[in-house]
Trainee: 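Would you mind keeping the following structure in view while I ask a few things?
On a predicted model such as this, the values are computed, not experimentally measured, just so you know. Each chain gets a letter, A, B and so on, in the order the sequences are listed, and its residues count up from 1.
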Protein chains: 2
Amino acid sequence: MKIGELARRSGLSAHTIRYYERIGLLPPPDKNASGHRDYDVSILTWIDFLGRLKATGMPVREMLRYAALREQGAGTEAERQAILEIHREHVRARLAGLRENLSVLDTKIAGYAATVSAGDPAQSKGTKDDDHDIEHSDHRHGAL
Amino acid sequence: MKIGELARRSGLSAHTIRYYERIGLLPPPDKNASGHRDYDVSILTWIDFLGRLKATGMPVREMLRYAALREQGAGTEAERQAILEIHREHVRARLAGLRENLSVLDTKIAGYAATVSAGDPAQSKGTKDDDHDIEHSDHRHGAL
DNA sequence: CTAGGACTTCGAGCGCACTCCAAGTCAAGC
DNA sequence: GCTTGACTTGGAGTGCGCTCGAAGTCCTAG
């Protein structure tokens with residue numbers, strides 16, 4: 001499979017595929033007589049997994065660590081597992097935060113719905129709101 | 001409240017607070033006789049909400065639209081509500097995707113756990129894995 | 001034989017969201 | 001009256017993750 005087809009099938013651009021190879025996320029593929037990259041279909045599985053790591057917020061630096069271990073092959077499983085387990089915790093934390101913020105969003109929207117309907121009782125001149133907020137407790141959002 | 005205290009209490013740096021003001025996320029506060037910014041505590045509520053928008057992945061561009069409407073005050077509620085409702089859908093989609101990718105991660109980790117324990121039956125020379133993968137169906141990850 | 005399109009490498013440029021620096025002002029404490 | 005430290009402005013720099021452009025090579029079809 002040449003890079004164009006891989007691009008189509010993976011959803012990445014050819015530029016991005018070469019970039020990933022440059023930085024070490026993708027292993028250097030075989031080249032044919034013309035110097036063109038020739039990919040094995042199995043690369044699609046790896047790209048899919050990379051996509052999942054990315055979608056769950058893993059920084060490229062970390063993917064690189066994982067990819068390097070994968071390249072080394074046997075004997076690196078425990079370390080790869082550890083990386084994924086730590087990442088899984090990050091994802092879980094992110095999920096929890098997202099759920100909480102979603103509920104704040106729900107509350108805020110419900111407040112607007114109440115205000116916008118019913119002829120706007122609480123606002124006549126200059127509502128900048130920060131109204132319908134039902135308490136903010138603590139909540140860190142320093143580190144995303 | 002001066003900028004230093006606001007920085008401490010909001011978790012943002014003073015640099016970031018000024019930056020947010022420059023771009024329009026924060027309203028220009030009063031200045032005292034020395035030209036120093038003097039904030040009302042109510043700004044903390046707004047910063048907290050901005051933090052939630054950010055934590056849920058809203059781009060600054062979009063926050064700016066919302067902030068501008070908020071500055072305009074009364075009469076912009078419906079539009080603000082619409083922004084939040086659209087954003088809420090994005091957040092829900094993100095949550096769904098995250099949940100799915102989390103389960104893929106679980107499966108992958110379980111595979112490593114099986115491999116790493118039990119004396120490694122499936123790998124002796126050169127496992128790069130893409131093993132324990134139990135089917136990938138489709139899954140877009142082009143647009144994060 | 002020539003035009004088109006896909007490929008190659010190298011390096012520059014971009015969008016986002018900060019983050020920091022330099023040079024200056026000002027209030028308070030010793 | 002002088003140092004310390006928090007503040008001011010404007011603008012430059014940073015890190016991330018791509019994204020694109022230029023110039024060249026190579027295969028294929030007409």
Side-chain angles (χ1 to χ4, degrees), chain A residues 1-40 43 47 49-68 87 90 94 140-144, chain B residues 1-40 43 47 49-68 87 90 94 140-144:
Chain A
M1 182 176 17
K2 283 186 284 172
I3 198 170
E5 190 186 344
L6 180 58
R8 255 173 280 120
R9 292 176 63 173
S10 68
L12 300 179
S13 73
H15 277 310
T16 300
I17 292 168
R18 287 191 210 99
Y19 165 71
Y20 278 5
E21 181 185 329
R22 269 206 313 271
I23 67 174
L25 272 189
L26 294 180
D30 294 342
K31 307 269 187 101
N32 68 18
S34 311
H36 292 194
R37 290 170 179 77
D38 183 17
Y39 292 96
D40 188 290
I43 197 71
I47 290 177
F49 188 62
L50 283 177
R52 291 173 189 284
L53 293 180
K54 178 186 156 180
T56 48
M58 184 184 280
V60 167
R61 288 284 171 94
E62 196 72 355
M63 292 191 221
L64 243 33
R65 287 217 304 131
Y66 186 87
H87 181 57
H90 291 341
R94 192 183 201 65
R140 302 289 121 240
H141 49 267
L144 172 62
Chain B
M1 179 177 17
K2 283 185 285 172
I3 199 170
E5 190 186 344
L6 180 59
R8 256 172 281 118
R9 292 176 62 174
S10 68
L12 300 179
S13 74
H15 280 310
T16 301
I17 292 168
R18 288 193 208 96
Y19 164 71
Y20 278 5
E21 181 184 330
R22 270 207 312 271
I23 66 174
L25 272 189
L26 295 179
D30 294 341
K31 306 270 188 99
N32 68 19
S34 311
H36 290 195
R37 289 171 180 77
D38 184 16
Y39 291 96
D40 188 290
I43 197 71
I47 291 177
F49 188 64
L50 283 178
R52 289 174 190 283
L53 294 181
K54 179 185 155 180
T56 48
M58 184 184 279
V60 167
R61 288 283 171 94
E62 196 71 355
M63 292 192 221
L64 242 34
R65 287 215 307 131
Y66 186 89
H87 181 57
H90 292 341
R94 192 184 200 64
R140 304 287 119 240
H141 48 266
L144 172 65

Trainee: To the closest 0.5 Å, what do you measure between CE (B:M58) and NE2 (B:H87)?
Mentor: 4.5 Å

Trainee: If you pin A:V60 and B:D38 to their nearest nucleotides in DNA chain D, which one's is more 5'?
Mentor: B:D38

Trainee: Mapping B:M63 and A:R8 to their closest nucleotides on DNA chain C, which lands nearer the 5' end?
Mentor: A:R8

Trainee: Using the heavy-atom set of chain A and a strict 4.0 Å cut-off, write down the first and last nucleotide of DNA chain D that makes it in, 5' to 3'.
Mentor: D:dC16 to D:dC27

Trainee: Carefully, step by step, assess A:L26 and A:L50 under the rule side-chain contact (heavy atoms from CB on, under 4.5 Å).
Mentor: CA-CA 9 Å; A:L26 294 180; A:L50 283 177; 3.9 Å; yes

Trainee: Does any N or O in the side chain of A:S10 come within less than 3.5 Å of the main-chain N or O of A:L6, such that one atom is a donor and the other an acceptor?
Mentor: yes

Trainee: Give the rounded distance in Å between these two atoms: CG of A:N32 and P of C:dA6.
Mentor: 16 Å

Trainee: Might you list the N or O atoms of the protein lying below 3.5 Å from N or O atoms in nucleotides 10-14 of chain C, with each pair's distance?
Mentor:
none

Trainee: Ignoring hydrogens, what is the shortest heavy-atom contact between A:L53 and A:T56? Give both atom names and the distance.
Mentor: O-OG1, 2.8 Å

Trainee: Could you state the NZ-P distance from B:K2 to C:dT25, rounded to the nearest angstrom?
Mentor: 18 Å

Trainee: Drop me the distance from B:L25's CG to B:Y19's OH, to the nearest 0.5 angstrom.
Mentor: 7.5 Å

Trainee: Would you say A:K31 reaches C:dT9's phosphate, i.e. side-chain N/O to OP1/OP2 under 4.0 Å?
Mentor: yes

Trainee: Heavy atoms only: give me the nearest A:S34-A:N32 pair and the separation to one decimal.
Mentor: N-OD1, 2.8 Å

Trainee: Roughly, in whole Å, what's the span from CD1 in B:I47 to P in C:dC18?
Mentor: 12 Å

Trainee: Tell me the salt bridge (Lys or Arg N to Asp or Glu O under 4.0 Å) pairs involving residues 56-68 of chain A, sequence neighbours left out?
Mentor: A:E62-A:R65

Trainee: Starting at CG of B:D38, measure out to CD1 of B:I3 and round the result to the nearest 0.5 Å.
Mentor: 11.5 Å

Trainee: Are there any protein N/O atoms within less than 3.5 Å of an N/O atom in nucleotides 27-30 of chain C, and if so, which ones and at what distance?
Mentor:
from, atom 1, to, atom 2, distance (Å)
C:dA27, OP1, B:S34, OG, 3.2

Trainee: Of B:Y20 and A:H36, whose nearest nucleotide on DNA chain C comes first from the 5' end?
Mentor: A:H36

Trainee: Output every pair passing salt bridge (Lys or Arg N to Asp or Glu O under 4.0 Å) with a member in residues 16-33 of chain B, not counting sequence neighbours, ordered by first then second residue.
Mentor: B:E21-B:R37

Trainee: Separation of A:I17 atom CD1 from C:dT9 atom P, in whole Å?
Mentor: 13 Å

Trainee: Test of understanding: with side chain to side chain contact (heavy atoms under 4.5 Å, CB included), list the residues that count as partners of B:E5, not counting sequence neighbours.
Mentor: B:M1, B:R8, B:R9

Trainee: Taking CD from B:E62 and P from C:dG15, how many angstroms apart are they, rounded to a whole number?
Mentor: 18 Å

Trainee: Restricting to non-hydrogen atoms, name the atom on B:G24 and the atom on B:A67 that form the minimum distance, rounded to 0.1 Å.
Mentor: O-CB, 3.7 Å

Trainee: Once you round it to whole Å, what is the distance between C1' of C:dA17 and CD1 of B:I23?
Mentor: 8 Å

